[in-house]
Student: 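Have a look at the structure that comes next, please.
Proteins get letters first, then strands, A, B, ... in listed order; numbering begins at 1 in each.
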Protein chains: 2
Amino acid sequence: MPPNSSRTPSPGPPAPGTARPGGRTARTRAAVRDAVLSGLVEHGYPGLTVEYVAEHSGVHKTTLYRRWSSVEGLIADALDLAGEDSWTPPDTGTLGGDLHALAQEVADTFGDPAAGAAPAAFIAAAFQSEQAAEALRGFYAERFGRCAPLVERAVARGEVPAGTDPGALARAVSAPLFFRLFITREPLDRAVAGQAADAALAAARAGVFASTA
Amino acid sequence: MPPNSSRTPSPGPPAPGTARPGGRTARTRAAVRDAVLSGLVEHGYPGLTVEYVAEHSGVHKTTLYRRWSSVEGLIADALDLAGEDSWTPPDTGTLGGDLHALAQEVADTFGDPAAGAAPAAFIAAAFQSEQAAEALRGFYAERFGRCAPLVERAVARGEVPAGTDPGALARAVSAPLFFRLFITREPLDRAVAGQAADAALAAARAGVFASTA
DNA sequence: CACCAAATGCGACCCGAGTTGCGTTACGCT
DNA sequence: AGCGTAACGCAACTCGGGTCGCATTTGGTG
């Protein structure tokens, strides 16, 4: 089973038996996604237009509207691609170290305009289209799932209570950072990232994220 | 000094001595802001158009573009109005109670589509225009400032260490909620809100938000 | 290899957001 | 009360996003 879970009928490898998974369609899709990503870093989300993608991908405007229907659809598809990477959570030996590394990773990503443009666009697109919102939801669910081993190691070491919810802890680390970046629009430095990690760690130790006492 | 701090030259009561703070301009501005808010709850941010505001406010399209320049400008101005309310943080007698009440308030606001439409639009607009982003920044800075007494009371009661940063604590409560709402696009129930309050409380007790030890 | 359907290319068209120039109204001041 | 100017109303225009109908290519299939 391909990492692309099904969504709307439009994009994605059209189910291994149906239609034509052939070469041209795949080539088109890849070219389009490259153009979308380069467009995002170049003009940002507000400046990304379907016509730009058409020119820089060699795919006709009509085709883009037919298969992706809008800029948000293009971004949602690009998000699927982004979710297929091989990222794994840090493993420093201690929970505190892992959480700090995780927070710094987020801070560094959005500190670099080029690296942060695409993720920011994904979040912005979710305001405009339910399709993009669902893609985001799936992306983060899968991403937080990858953090489970990190928490299990900490439980095994006795750093946090048994029954600690991995997802809740992972979310607790990221939330303050994204909050500052995209809600309150405040600057994000390493001190804030460290504080977020510390706060999540303290809450986890107190058993706030443990289901069974 | 009016609660409207100055920003771009365009909107806002034009400084009590200059130009003409007169009746028509003020009436126009009020009518426009009403139309913006009703438009947001009716069509949401993606569907809010300048022309809609023109029709429902009785103010001509040209005037809107002249004074606010775009939909994002209109929203930024409406945000200033929203910041002028008389909201005060809860006071239940205990820090835990206050934080829980705060979290529930956020959850309830965004649980109601009508009440949540405008705030969500403000956040969305900040992705499109720096003017809206700065308005948001100011709004939340002022809002978190109002939470200072809440934390001071807790310090006086000995519930959290002296030197606990009020802003950091207030942010810690809201962050997980907004994170779920607008970043990961996950549903938000009362249990999650309660957990956010508990996590912030645990971190505060552990001294994570205290500057001096 | 020939055929059919899916997928793409292509240009013309429509519509609405945003702009411009000018005339009109109303506020503020003497 | 009367004047000057800021603020607003108005209609026409431009321009780019998005759509439509049809021709063309591509890939799977018997």
Side-chain angles (χ1 to χ4, degrees), chain A residues 8-36 39 43-77 125 128-129 131-132, chain B residues 8-36 39 43-77 125 128-129 131-132:
Chain A
T8 54
S10 23
T18 22
R20 42 183 67 184
R24 184 166 66 162
T25 297
R27 279 196 307 274
T28 297
R29 193 182 176 209
V32 166
R33 291 198 288 197
D34 289 346
V36 168
H43 299 306
Y45 170 69
L48 182 68
T49 165
V50 174
E51 223 136 336
Y52 173 97
V53 177
E55 289 168 10
H56 287 70
S57 66
V59 176
H60 199 86
K61 188 174 62 160
T62 314
T63 301
L64 297 179
Y65 280 110
R66 269 198 283 255
R67 283 185 53 183
W68 289 276
S69 77
S70 70
V71 180
E72 285 72 31
L74 285 166
I75 290 179
D77 195 34
Q128 312 269 344
S129 100
Q131 181 188 4
Chain B
T8 54
S10 22
T18 22
R20 44 183 67 185
R24 185 164 69 160
T25 298
R27 279 197 307 275
T28 297
R29 193 183 176 209
V32 166
R33 291 196 289 196
D34 288 347
V36 168
H43 299 307
Y45 170 69
L48 182 66
T49 166
V50 174
E51 222 136 337
Y52 172 96
V53 177
E55 291 169 9
H56 287 69
S57 66
V59 177
H60 199 85
K61 186 174 63 161
T62 314
T63 301
L64 297 179
Y65 280 110
R66 268 197 284 255
R67 283 185 54 182
W68 289 276
S69 76
S70 70
V71 180
E72 285 73 30
L74 286 166
I75 290 180
D77 194 34
Q128 313 268 344
S129 100
Q131 181 189 3

Student: Has the side chain of His56(A) got a donor or acceptor atom that lies under 3.5 Å from a matching backbone atom of Tyr52(A)?
Tutor: yes
Student: So what does Ser70(B) hit on the nucleic acid, given a heavy-atom distance under 4.0 Å: a base, only sugar-phosphate, or nothing?
Tutor: nothing
Student: Give the rounded distance in Å between these two atoms: CH2 of Trp68(B) and C1' of dC8(D).
Tutor: 11 Å
Student: Could you tell me how far apart Leu48(B) (CG) and dG16(C) (P) are, to the nearest whole angstrom?
Tutor: 16 Å
Student: Could you state the atom-to-atom distance from CZ of Arg67(A) to P of dT19(D) in whole Å?
Tutor: 17 Å
Student: Could you check whether the side chain of Arg66(B) and the base of dG9(D) have a donor-acceptor pair of N or O atoms closer than 3.5 Å, going by distance alone?
Tutor: yes
Student: Taking OP1 and OP2 of dG18(C), is either one under 4.0 Å from a side-chain nitrogen or oxygen of Tyr65(B)?
Tutor: yes
Student: Given Asp77(B), which of Arg67(B), Arg29(B), Gln131(B) fulfils the side chain to side chain donor-acceptor pair (under 3.5 Å) condition?
Tutor: Arg29(B)
Student: Spell out yes or no: do the side chain of Thr62(A) and the base of dG11(C) have one donor N/O and one acceptor N/O closer than 3.5 Å?
Tutor: yes
Student: Please report the distance, rounded to the nearest Å, between CG in Leu64(A) and C1' in dG9(C).
Tutor: 12 Å
Student: With a 4.5 Å heavy-atom cut-off, do Tyr45(A) and Ile75(A) have their side chains touching?
Tutor: yes
Student: Let me spell it out: for each of Lys61(B) and Lys61(A), pick the nucleotide of DNA chain D with the closest heavy atom. Which residue's pick is nearer the 5' end?
Tutor: Lys61(B)
Student: Within this structure, what is the CG-to-C1' distance between Leu74(B) and dA17(C), rounded to whole angstrom?
Tutor: 13 Å
Student: Would you kindly give the NE2-to-P distance between His60(B) and dT24(C), to the nearest whole Å?
Tutor: 15 Å
Student: How many angstroms lie between atom CD of Glu72(B) and atom CG of Leu74(B), to the nearest 0.5 angstrom?
Tutor: 9.0 Å
Student: OP1 or OP2 of dG27(D) sitting under 4.0 Å from any side-chain N/O of Arg27(A)?
Tutor: yes
Student: Check the distance between dG17(D)'s P and Tyr52(A)'s OH and give it to me in whole angstrom.
Tutor: 14 Å
Student: Do Trp68(B) and Val32(B) touch side chain to side chain, with heavy atoms closer than 4.5 Å?
Tutor: yes
Student: Quick one: is Thr49(A) getting a side-chain N or O under 4.0 Å of the dG16(D) phosphate, OP1 or OP2?
Tutor: no
Student: Roughly, in whole Å, what's the span from CD in Glu51(B) to C1' in dA11(D)?
Tutor: 13 Å
